[in-house]
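Notes for the one structure printed next.
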Amino acid sequence: MLQPVAAIVPNTMSMSTHLPPWLVPRHRKGPALERMTPVLRRCGVSTICEQARCPNVGECFAAGTATFLILGEVCTRGCTYCAVGHGRPRPPDAEEAERIAAAARELGLDYVVVTSVTRDDLADGGASQFAATVAALRDALPSARVETLVPDFAGDEAALRQVIAARPDVVGHNVETVPRLYPEVRPGADYQRSLALLRSAANAGLRTKSGAMLGLGEELDEAREVMRDLREARVGILTLGQYLQPTRRHLPVARYIEPQEFAALEEEAKAMGFDDVKAGPFVRSSYRAGH
């Protein structure tokens with residue numbers, strides 16, 4: 001059941017008295033939300049911007065970008081940082097790709113990000129649905145650029161090749177955190193498997209992108225090591241942002257990273273050779289993606 005945007009945009013406003021001043025939420029409401037919400041609901045599509053309670057939803061909608069969520073709203077994994085529900089999902093919707101393309105066309109989007117829940121229950125992890133959605137967007141909006149933010153497909157190289165064959169402009173996959181924290185933060189995921197996926201996409205000639213959250217209990221030297229690993233995997237675009245606890249049921253924030261620390265990490269990442277780096281408290285994997 002798709003919920004109204006107002007019901008699921010970030011709940012950090014209620015916690016704002018406990019947040020440092022640089023983390024007061026921005027752009028929560030406005031004309032962009034009012035314009036986009038009816039289109040999303042009428043087309044029967046969902047965005048991760050809403051489901052994951054992203055603090056940038058108003059800003060990104062106003063800038064004409066959206067990150068569509070395919071393969072339903074129920075994930076087969078239970079990452080302890082993520083607001084998306086987990087459990088037993090429904091079968092894929094054969095009409096989903098066309099509905100997303102219709103919504104993107106009506107909204108006049110010039111940069112479209114497509115992501116999904118993780119679907120370990122599907123033989124190809126949902127790769128064919130990604131490929132179909134990219135194809136539908138190419139037909140509906142030939143001039144738009146398309147980015148796919150994919151799960152790890154349980155390490156299935158054949159599944160990844162389906163996405164690569166669709167030739168999105170960018171293939172993204174987030175490592176999310178440092179390897180030491182994977183058992184607690186990303187049960188079911190594997191750090192080296194994620195690096196291998198990114199390396200394969202880069203070797204196929206596609207631009208690649210990855211991101212991580214800070215404030216989950218990592219040391220900054222561990223974060224730097226992740227940055228080096230991503231460069232060795234030929235990742236071109238890097239995003240680093242502050243983890244914010246979506247609800248009290250999720251992992252608590254271990255530390256709030258100060259803006260100057262993000263700025264220093266951004267400069268270090270650029271020196272490592274990334275094509276583009278965005279690092280800051282509100283940065284998310286699709287933040288200002290069109291840029």
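Since the model is a prediction, treat every value here as computed from it, not as a measurement.
Although no hydrogens or angles enter the test, the distance criterion places no donor-acceptor pair under 3.5 Å between the side chain of Thr118 and the main chain of Arg77. In this structure, the side chain of Thr208 engages the main chain of Arg234 through a donor-acceptor pair within 3.5 Å. With hydrogens and angles disregarded, a donor-acceptor distance shorter than 3.5 Å links the side chain of Asp169 to the backbone of Val146. Here the side chain of Gln162 pairs no donor or acceptor atom with the backbone of Leu160 at under 3.5 angstrom. Between the Ser210 side chain and the Leu238 main chain, no donor and acceptor come within less than 3.5 Å of each other. Looking at Thr177, its side chain never comes within 3.5 Å of a backbone N or O of Ala212 through a donor-acceptor pair. Judged by distance alone, the side chain of Glu258 and the main-chain N or O of Gln260 form no donor-acceptor pair under 3.5 Å. Asp152 contributes a side-chain N or O that, together with a main-chain N or O of Ala154, makes up a donor-acceptor pair within less than 3.5 Å. The closest donor-acceptor contact from the side chain of Arg186 to the backbone of Pro179 lies at 3.5 Å or more, if one exists at all. Without hydrogens or angle criteria, Asp124 side chain to Ala159 main chain gives no donor-acceptor distance under 3.5 Å.
Taking all atoms of both residues into account, the shortest heavy-atom contact from Met213 to Glu218 is O-OE1, 4.1 Å. Minimum interatomic distance between Ala254 and Gly217 (heavy atoms only, all atoms of both residues): CB-N, 3.5 Å. Shortest non-hydrogen contact noted between Val150 and His173 is O-ND1, 2.8 Å. In terms of heavy atoms, Leu71 sits closest to Ser116 at CD1-CB, 3.8 Å.
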Residue pair Glu268, Arg224: steps toward the salt bridge (Lys or Arg N to Asp or Glu O under 4.0 Å) verdict: CA-CA 8 Å; Glu268 290 182 49; Arg224 293 184 179 98; 2.8 Å; yes
Stepwise salt bridge (Lys or Arg N to Asp or Glu O under 4.0 Å) test for Asp93 and Arg99: CA-CA 10 Å; Asp93 182 345; Arg99 291 203 309 273; 2.8 Å; yes
Trace of the salt bridge (Lys or Arg N to Asp or Glu O under 4.0 Å) decision for Asp139 with Arg105: CA-CA 10 Å; Asp139 288 342; Arg105 182 175 57 238; over 6 Å; no
Evaluation steps, salt bridge (Lys or Arg N to Asp or Glu O under 4.0 Å), between Asp229 and Arg231: CA-CA 5 Å; Asp229 288 344; Arg231 273 309 296 143; over 6 Å; no
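Separation of atoms CD1 (Ile257) and OH (Tyr243) is listed at 13.5 Å; rounding is to 0.5 Å. Atoms CD and CZ, on Glu225 and Arg180 in that order, are 13.0 Å from each other to the nearest 0.5 Å. In this structure, CD1 in Ile164 is found 9.0 Å from CG in Asn203, a value given to the nearest 0.5 Å. For the atom pair Leu251 CG and Cys79 SG, the distance stands at 10.0 Å (nearest 0.5 Å).
Between Phe153 and Phe130, the closest side-chain pair of non-hydrogen atoms falls below 4.5 Å. Contact of the Arg193 side chain with the Leu197 side chain is not registered, since no non-hydrogen atoms from C-beta on lie closer than 4.5 Å. With a 4.5 Å cut-off on side-chain heavy atoms, Leu244 and Arg284 count as touching. Looking only at side-chain heavy atoms (C-beta outward), Thr148 and Val134 come within less than 4.5 Å of each other.
Neither side chain, Tyr256 nor Gln242, offers a donor N or O lying under 3.5 Å from an acceptor on the other.
Surrounding CD of Glu219 are at most 12 heavy atoms belonging to other residues, nucleotides or ligands under 6.0 Å away.
Linking Ile, Leu, Val, Met, Phe, Trp and Tyr whenever their side-chain heavy atoms come within less than 4.5 Å puts Leu220 and Val277 in one cluster. Under the 4.5 Å side-chain heavy-atom criterion for ILVMFWY residues, a single connected hydrophobic cluster contains both Val117 and Leu122.
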